[in-house]
Structure formats: C-alpha cells, structure tokens
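I have placed the structure first, in the form of structure tokens, so that the comments after it can refer back to it.
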2 protein chains.
Amino acid sequence: MSLRAALLALIEVAGPSSGYDLTKRFEGSLAHVWQASHSQIYPELNRMAADGLLKVEEEGPRGRKTYAITAAGQAELYQWLTEVKTEQRVRDEASLRAFLLPLLPGQKAIELLTERARAAETKKAELEALRLRVGESSFGGFALERGLRHMTAERDWALWAIDRLQKSEEARTETVRTPTGEPE
Amino acid sequence: MSLRAALLALIEVAGPSSGYDLTKRFEGSLAHVWQASHSQIYPELNRMAADGLLKVEEEGPRGRKTYAITAAGQAELYQWLTEVKTEQRVRDEASLRAFLLPLLPGQKAIELLTERARAAETKKAELEALRLRVGESSFGGFALERGLRHMTAERDWALWAIDRLQKSEEARTETVRTPTGEPE
DNA sequence: TGAGACATGTAATCAGTTACATGATTAT
DNA sequence: ATAATCATGTAACTGATTACATGTCTCA
C-alpha cells in the first residue's frame, strides 16, 4: 500500500498528474526514500482509478492521461498517513551483513567496513548538498534530516566496528608472535 | 539471494540442520535483522540442494531432512559476504512516512512522532536487554550495536522533529491570537 | 487418548524487477 | 529525416505472505 500512498500524496501535493509525470517525480528527491518504475506505476494508477481513488481528468496528446485525486483517495491517504504501524517486518540486507560479519577473517571484515563507512559518508554529503540546494524547510525536510542522522549513525558504527576488530587483530598477531608468552 | 546467504550461514555456524531447525533459528536473535517463514524456507532448501549448495545428509523420523553445506555452498556464502553492494534500492516505509509528514496537521504529526520516539526507545531497551543476556561479544554483536545506534538516531530525530513542529505551532497560535499584531 | 511439539510441504496472491513492445510529438 | 523526449502499456519472473494441508512422535 505504500506505493498507493506515495502516488496519492504526489497528486495531492502537485495536482493532477500523468503516469509519466509521476514516474519522473520518483526519480527526484523522493528517490532517497522510495522507488518505483513506470511498469509498476501505470498498472497501479489504473487499479486506483478502478477503485475510485483517482479519476482520469483529461486525455491529452500521445495518449497522455491525467489523474486527479478523488474524495475517496484523499480519505485513503489520510488514513494511511495516520495509521500507526505496530511490528513491522524486518528485512534489511545491511543488517544481515552486519550480523554475519564474524564469519569473515578480520582483515576482510575491516576492508568491507571501511568501504561502508566511506559509502555512508558519501551519502551524507549528498544529503547535505541537497539540503543546501532545496533549503532548510522544503517539503521532504523531515526525511532529509532523518537520513542524515541515520547515515551519521551508520558511519560511526562502521568506525567503531573497525576499531574493535583492529584491537582483536593486534591481540591475535601478538599471540602469534610470542606463542607461549615466553621470550627464548 | 539474502535468504540463501542467511541459510548457508546458519548451517555453516551451527552445522547440519533441518528446515524446522532453521525456521526456529529465524525466530531468535536473527529475527532482528531478517525474517523468513517455513513456507519460504522449505522450498528454498530444496532448490539449494538441487543447485548443489547443500546436500541432504540424513533422513530422520517424521520425514526430517538434515541439510549439510557443501564446498560449493561455502564458496557461494563467502562470495556473498564479500561482495560490495553499490547502489541499493531504497524502499523504506518509515522514510516515506517521514517524507510525507508535512501533509498532516501539526498536532497530528506531533502525536505520530511521539509514538515513534516511544517505539524507538522500546526497541532500544529490547536490544540493550538482549546484549545483557548474550554478552558483549556474541555472534550477532556487530548487528546489535548497529541496531542500538540506529534506534538512538531514530528517537533523537523524532524528538528533534517534534520540537521543530511545536515551535511552528506556537508561532501559528500566536498569529491567531493577535491576527493583526495590534492590540485594540 | 489426547495435547503439543515436531516436521514438511503446496497454492493463491501480492509487490516489485527486467525486458519487451509500441507509437506520437517536437526540435534540429 | 531523424533523434530525443513524451507516453503507455504487457509478460515473465522473483521473493515474500497467508492460508491450506498432512502426518508423526512423545509425554502426561
């Protein structure tokens, strides 16, 4: 139902739109939080019109169809926005990789974590640049701030994990160097 | 492919296991990072055996089948663990809700954010309790620390957003009280 | 003998991806 | 004329959920 909510919200905010318009909208700043391709959007718009949440307001050149939100659509959107999600399913590949990290040799794990810290830093810079471009209090501002905070947490976690692994690597190397703890 | 990796990893760590064993394993601490039900696990195990990543090591009572990891399975697991994921698709309902928050009246948004701060705090407490139970350096330790940091970021973001909304609500109320800014 | 845990499966459905397919309009 | 952009769709497939379906073993 998230795709429906996103489509309803986009039309609510920007007014009547075609599938083509909406597809492009999903490639803008919204892409940081949700993605959808035209092959998913077009059938969904048809279903939503069939369900009375949207209506075809206008048919333009090249078969262009402009969808407007109906009262039922607005009700559905408000309903979705205000429902409280208890117990969501967790299926996060990044978390799974963190969970399974101990299966790798220390050096390899450190390499991967370094890359991850770098990626989080890059994403963070990207969001900061976006904020400069669109301003402090633009429409997606709350999500932007949230992304920044989570990227900071991700980077700091990766650095913490690297530090931890490095300490245990040192201890291990130490042990290897003087296996019995006794000089000759 | 994440499910495959998780199954291979569980068998790698705990030794030969049945679908039933693995299903229960997904209900333990792993449930914080990935979920899978028996109806997904059983067919996947069969496919993995057909692909040579696992082999049926033993058939027990009640039709129990114990799967062991093969050399090909270990190679596949290592491959998955070390591949660097560039550009992952984003589809995060919590982020979408944050993005669309400005569509709600301020008071309603504050309510939802309060609930979200509370939920993050609860999850954080849950993870802290888990850490006390399983110890600082247990197998899922890296993921646990990561979860804690992200839940902290989530709670802090929600509190920040509430504060921001409260300030603009106050400003709005102020305006309503003395609409022209002039006393009579 | 009956409850509860053990144990494995399939079918229908939903959300999403990738690839295929078609054609109209506009600007150079 | 032709390339770019506008514009909409469908089909095959993958991963996941929910519901249905079946049967065994153990212990009180």
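Here is how names work: the chains are called A, B, and so on, in the same order as the sequence lines, proteins then strands, and each is numbered from 1.
Contact between the side-chain N/O atoms of Q40(B) and the OP1/OP2 oxygens of dG15(D) is not found at any separation under 4.0 Å. Under 4.0 angstrom from either OP1 or OP2 of dT8(C) there lies at least one side-chain N or O belonging to Y42(B). Remark: K24(B) is not in phosphate contact with dA5(C), judged by side-chain N or O atoms under 4.0 Å from OP1 or OP2. R91(A) has no side-chain polar atom (N or O) that falls below the 4.0 Å cut-off from OP1 or OP2 of dA15(C). Taking 4.0 angstrom as the limit, R64(A) places none of its side-chain polar atoms (N or O) nearer than this to OP1 or OP2 of dA24(C).
Note: CZ (R47(B)) to P (dG9(C)) measures 12 Å, nearest angstrom. With rounding to whole Å, K65(B) atom NZ is found 9 Å from dG9(C) atom C1'. Rounded to whole Å, the distance from OH on Y67(A) to P on dA7(D) is 13 Å. Distance H38(A) NE2 to dT10(D) P: 11 Å, rounded to the nearest Å. The distance between atom CG of L3(A) and atom C1' of dC14(C), rounded to the nearest whole Å, is 12 Å. Put simply, CZ on F26(B) is 11 Å from P on dT17(D), counting in whole angstrom units. In this structure, D92(B) atom CG and dG16(C) atom C1' are separated by 16 Å, rounded to whole Å. Taking atom CD of Q35(B) as the reference point, atom C1' of dG15(D) lies 14 Å away to the nearest angstrom.
Side-chain proximity of R62(A) to the nucleotides dT8(C), dT17(D), dA24(C) is greatest for dA24(C). The S37(A) side chain lies nearest to dT18(C) when the options are dT18(C), dG9(D), dA19(D). The nucleotide whose nearest atom lies closest to any side-chain atom of Y20(B) is, among dA5(C), dA11(D), dT10(C), dA5(C).
Ion pairing between a basic and an acidic side chain is recognised when a charged N comes within 4.0 Å of a carboxylate O; E44(A) and R47(A) show such pairing. Look at E169(A) and R172(A) and you find a salt bridge, because one of the NZ, NE, NH1 or NH2 atoms lies within 4.0 Å of a carboxylate O, short of that distance.
The residue T23(B) sits apart from the nucleic acid: no heavy atom pair falls under 4.0 Å.
If D21(B) and G63(A) are placed on DNA chain C by their nearest nucleotide, the residue sitting closer to the 5' end is D21(B).
Shown are L53(A), I69(A), L8(A); of these, the side-chain contact (heavy atoms from CB on, under 4.5 Å) with Q74(A) is made only by I69(A). Here the options are L77(B), L54(B), L22(B), the test is side-chain contact (heavy atoms from CB on, under 4.5 Å), and the partner is L7(B); only L22(B) passes.
The side-chain tip of R97(A) points at the ring of W80(B) from less than 6.0 angstrom away and within 45° of straight on.
No N or O donor and acceptor, one from the side chain of S18(A) and one from the base of dT8(D), sit under 3.5 Å apart.
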